[in-house]
Amino acid sequence: MQDIKKLDFQKIEKKWQSKWEKKKAFEPKVGGKNKYYVLEMFPYPSGSGLHMGHAFNYTLGDIYARFKRMKGYNVLYPMGYDAFGLPAENAAIKEKTHPKKYTQKAINNFIKQQKSLGLSYDWTRILKTCDPEYYKWNQYFFLKFYENGLVYRKKSAVNYCAKCDTVLANEQVHDGKCWRHSDTEVEIKQLEQWFINTTKYAEELLKEIPNLNWPERIKSMQKNWIGKSEGTEITFKINNTDWKVFTTRPDTIFGVTFLVISAQHPQLMSIVTEKQKNHVDTFLKMARSTKQEEIDKLEKEGVFTGSYALHPLTGEKIPIYAGNFVVAEYGSGMVMAVPAHDQRDFDFAKKYNLPIKQVIKSKENSILKAYEGSGQLINSEGFNELFSEEAKTHITKALEYKQLGKAVVQYKLRDWLVSRQRYWGTPIPMIYCKECGIVPVEEKSLPVKLPDKVKFGKGNPLTTNSSFLKVKCPKCNSPARRETDTMDTFFDSSWYYLRFTDNKNNKKPFEKEKVSYWMSVDQYIGGAEHANMHLIYARFFTKALRDLGFLSINEPFMKLFNQGMIHGEDGHVMSKSRGNVIDPLEITKKYGADTLRFFLVSSASPDKDSLWSKEGIEGSLRFVKKLYTILSEIKIGSSSVKLEHWINKTIKNVTSEIEGMKYNTALINVRRLLEKIEEEKEIKKSDLLSIIKIISPVTPHIAEELWEKLGKKSLVSLEQWPKADESKISEELEAQEKIQHQTLDDIKNIIKIVQEKQNKNPEKIYLYAIPKELSVYNIQYLESKLDKKIKIFAVNDPNKYDPENKSQKAKPGKPGIYLE
RNA sequence: GCGGGGGUAGCGAAGUGGUCAAACGCGACAGCCUCAAGAGCUGUUUCCUUAGUGGAUUCGGAGGUUCGAAUCCUCCCUCCCGCACCA
């Protein structure tokens, strides 16, 4: 019996999945007022297939898409594959196959698994970024960016991962290590690379954050990443050349007693004197060999360069040190040190016996610590008595007047390094000509196709294909060399949501009309790990494309939802090495897709982490079966007033809870409703249909099956979401129901006590209600629950049977009770 | 250090000023069903007390506001996540 039921679910799922596809149920067209775009972060198709996190992510989106569709929206809900990338290339090499083959196989597997979950994607809009039809537009945008000064090539200190064998963007370095290899220190190399001018949009990226309906933590992460600080850029003369220094505390300028230049500063050697050269070299050797982990605990160290700078306001000679604690890439890589008012400078000064000059009044006259707060200026000729805030302005103005400084804004955000020395990515459409220099590929020659035939081994595989490598210069026709670097795959994922709106267009990346209709994405769903990567790049792209006339929106994703993580039964993150991985496909086979979907969204609020549990999935199976059984077996007739109350109340609650993505509590309401239905003999058909509708986003397969069983020819997935009839909701009725339950509990309690204490087994029950409430008690219900005879009297009934005068105990909402 | 989010009954998890000893699930226990097991069904699940009552103690800890606090305020402890010598 068990097994047959399980098999039924399997069959039902297959049946409806193919019906949805045949009937093109989920393929929207441009048009209509209420568009709604639901999107999950598209997956990287790994060879190991879908994991539970994917299943969870897509279930969340699917429920939402189905709900919005039934609410009458024209819903765009597409799926694609972030198919380029290093892991595929490496995996393919390992398996001695081609990345293209490897990826295609992985994608096919993903599609199969996603379909088996019953996800309502518009499969005609599918896209994969490794398709030339897609990456052609990557190249096109790259050229457009180049034309508009948003792409440039520059030699600079870049991050390099030896395991990836390529350079990385700043965002891909986590804690000094490669984002893919947490055991690999990133090396700093001086290389010439392609950059995208993301910092041009730093201010706008920051400014718009408060307007986004995103989780706070993602917003704060982006804010920190962009890292705006306002301050003053001050010029110090060193050997008659200008050196700039950035500070947020120009009010402390009279407290500067030395300067510190970063040990990694490219021009460091130019200010090191002959005499100090040896010292500096020794120091650099030591500083360079320091590992990232040690930097945390590292003491501030430095060495005198031998040079002095002139103080811009006092003209004093200020010694310059090279230091290990100054970040080369931020500001100008050199800082002015004010030991009295900056703890780091203080530590440094103490260590090397440098003077400490107080310029801000502080309450405590401590010499153990720097006073970092603001206050009234002292020892600052011409600015004494001023408070920090006004002093900042005045001093900056004074510097501006002397042309030795200006107010500036600094960001931590760096330009996006996009070139990668790897094969499996979009070729960068550039050509190097000996005569003409860097020449962009002409638009009509796009796409620059990734050649299949390359040798994998050391270095960039693209250099091994000479017919790819050797080209003619588009300008002068002389022999030239093609760029062999490919693009960071985050380039691909920065605009895929736009391509979904018009994925088959082979003349343009997308039609403006279509993109204007569908964008922005109304609900985006994905993990938090992309806060400072994909989500920043995509925002940048949208703004850049807007300014190039492709779009008219400012932000790609208005609402963002971060799902929690599904942990293994042991409480740890699911991982192969821990052996706690649960494969969604296996679960679907064993318990059915509806059960898996139900389980994933019922155990906890979807934004929180939750635990996989065998008992949990089995509990979900029990419920889904029960749901199906009860709804398919209940007699069609009329609904009681009580049932109507519960149905409408449930519709009302479930609607608002799904809207707010509180699927877990929505399902609790459904559970309660089912209990109420169980207590009934029959139900009105239209009520039953409404119930099937509200369960259909979460358990779509059994919903369709039940819908069909009731003689419906349509798809419930495309039906109108029911509206709660407020007039049927009666809190009074619910209160009365509570009284029944309370009375039932009371009687049971008394029976128990009587049985235990008096060893009697009462057979008859007498209730004494206050006259007004006589009709509130449902004697039939109570009798059926207790399997005993019950008589009810009004407390003032002169003929009542009440040997122990229990009627005196009666209160509103509580009858007197006598048993015998 | 900075920023964000948590700590609720055996476990998971709702609840953000009264209707809260606190939904729901899981587990556990008891009963029914059954030859038996599972499934299913019914009930119990902070403690004491009790013919349905009354009381005590609970929502990380300590204080406070309030007629009233899991919910608001202050301080502290603790866990998770992100950034981190950014001048």
Side-chain angles (χ1 to χ4, degrees), chain A residues 1-2 5 174-176 215-225 227-229 231 245-249 252 259-260 262 295-300 323-338 341-345 347-348 372 410-412 528-529 531-532 562 564-565 571 599 602-605 607-620 622-623 625-626 629 662 664-665 667-672 678 731 735 738 742-758 760 762 767 785 787 804 806 809 811 814-819:
Chain A
M1 193 58 197
Q2 268 289 310
K5 276 247 157 107
H174 295 335
D175 215 10
E216 274 313 309
R217 78 179 159 142
I218 304 292
K219 294 210 262 184
S220 97
M221 278 161 84
Q222 285 210 353
K223 210 176 138 195
N224 290 341
W225 190 259
K228 178 180 183 173
S229 47
V245 155
F246 175 73
T247 181
T248 53
R249 295 295 303 270
T252 62
L259 299 186
V260 188
S262 168
I295 286 178
D296 299 347
K297 301 153 223 154
L298 208 63
E299 237 184 276
K300 292 174 186 35
N324 64 353
F325 66 96
V326 177
V327 179
E329 298 86 28
Y330 183 74
S332 55
M334 182 153 71
V335 299
M336 60 178 227
V338 185
H341 305 293
D342 182 288
Q343 193 55 39
R344 292 157 304 180
D345 301 345
D347 295 342
F348 196 86
E372 294 189 329
Q410 277 286 341
Y411 299 93
K412 279 202 272 185
E529 67 275 14
N532 289 342
N562 274 155
M565 296 240 286
F599 172 75
S602 66
S603 78
S605 176
D607 57 337
K608 300 224 169 114
D609 290 355
S610 65
L611 250 58
W612 178 264
S613 113
K614 191 171 190 291
E615 286 78 18
I617 187 81
E618 279 172 356
S620 299
R622 274 202 294 278
F623 180 76
K625 272 188 192 164
K626 190 169 151 185
T629 314
K662 298 213 149 266
N664 55 329
T665 49
L667 291 176
I668 285 166
N669 278 295
V670 172
R671 277 184 190 270
R672 189 174 52 186
E678 258 187 297
E731 291 308 322
K738 251 186 192 158
Q742 192 54 54
T743 304
L744 188 62
D745 281 352
D746 288 347
I747 297 171
K748 276 184 193 162
N749 197 4
I750 299 169
I751 292 174
K752 203 178 107 196
I753 292 166
V754 168
Q755 278 173 344
E756 280 170 12
K757 295 261 162 100
Q758 305 173 1
K760 282 194 273 184
L767 301 182
K785 283 281 175 186
D787 201 21
E804 288 190 15
K806 295 290 184 189
K809 288 214 168 193
K811 283 188 271 186
K814 216 171 183 43
I817 302 167
Y818 175 66
L819 305 185

Under 4.0 Å from OP1 or OP2 of [N]: is there any side-chain N or O of [X] that close?
X       : N      : value
R622(A) : G40(B) : yes
R217(A) : C80(B) : no
S229(A) : A87(B) : yes
K626(A) : C41(B) : yes
K608(A) : A14(B) : yes
H174(A) : G82(B) : no
K223(A) : C2(B)  : no

Between A604(A) and M221(A), which residue's closest nucleotide on RNA chain B lies nearer the 5′ terminus?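 The residue mapped nearer the 5' terminus is A604(A).
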
Describe the nucleic acid contact of G619(A) in one word from base, sugar-phosphate, nothing, applying a heavy-atom distance below 4.0 Å.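 Contact class for G619(A): sugar-phosphate only.
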
Using Watson-Crick or G-U wobble geometry with both distances under 3.5 Å, which nucleotide pairs with G40(B)?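 The base-pairing partner of G40(B), which may sit in any strand shown, is C32(B).
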
Tell which nucleotide pairs with U16(B), taking only Watson-Crick or G-U wobble pairs whose two distances are both under 3.5 angstrom.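 U16(B) is unpaired by these criteria.
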
To the nearest Å, how far apart are [X] [atom1] and [N] [atom2]?
X       : N      : atom1 : atom2 : value
D609(A) : A13(B) : CG    : C1'   : 13 Å
F623(A) : C41(B) : CZ    : P     : 12 Å
K228(A) : C2(B)  : NZ    : P     : 23 Å
D347(A) : A87(B) : CG    : C1'   : 14 Å
D607(A) : G6(B)  : CG    : C1'   : 12 Å
R671(A) : G12(B) : CZ    : C1'   : 13 Å

For U8(B) versus G25(B), give the span between their C1' atoms, rounded off to a whole number of Å.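 Comparing C1' positions in U8(B) and G25(B) gives a spacing of 15 Å.
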
Atom P, compared across A62(B) and A69(B): separation rounded to whole Å: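 Pairwise P distance, A62(B) against A69(B), rounds to 15 Å.
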
Its contact letters, B for base, S for sugar-phosphate only and - for none at protein heavy atoms under 4.0 Å, make nucleotides 46-53 of chain B read ----BBBS

For the side chain of [X], starting at C-beta, report the closest nucleotide among [options].
X       : options               : result
S605(A) : A14(B), G3(B), A87(B) : A14(B)
T247(A) : G5(B), C24(B), A87(B) : A87(B)
W225(A) : G5(B), A84(B), A14(B) : A84(B)

More than 12 heavy atoms of other residues, nucleotides or ligands under 6.0 Å from NZ of K228(A): yes or no?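 More than 12 heavy atoms, drawn from other residues, nucleotides or ligands, come within 6.0 Å of this atom.
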
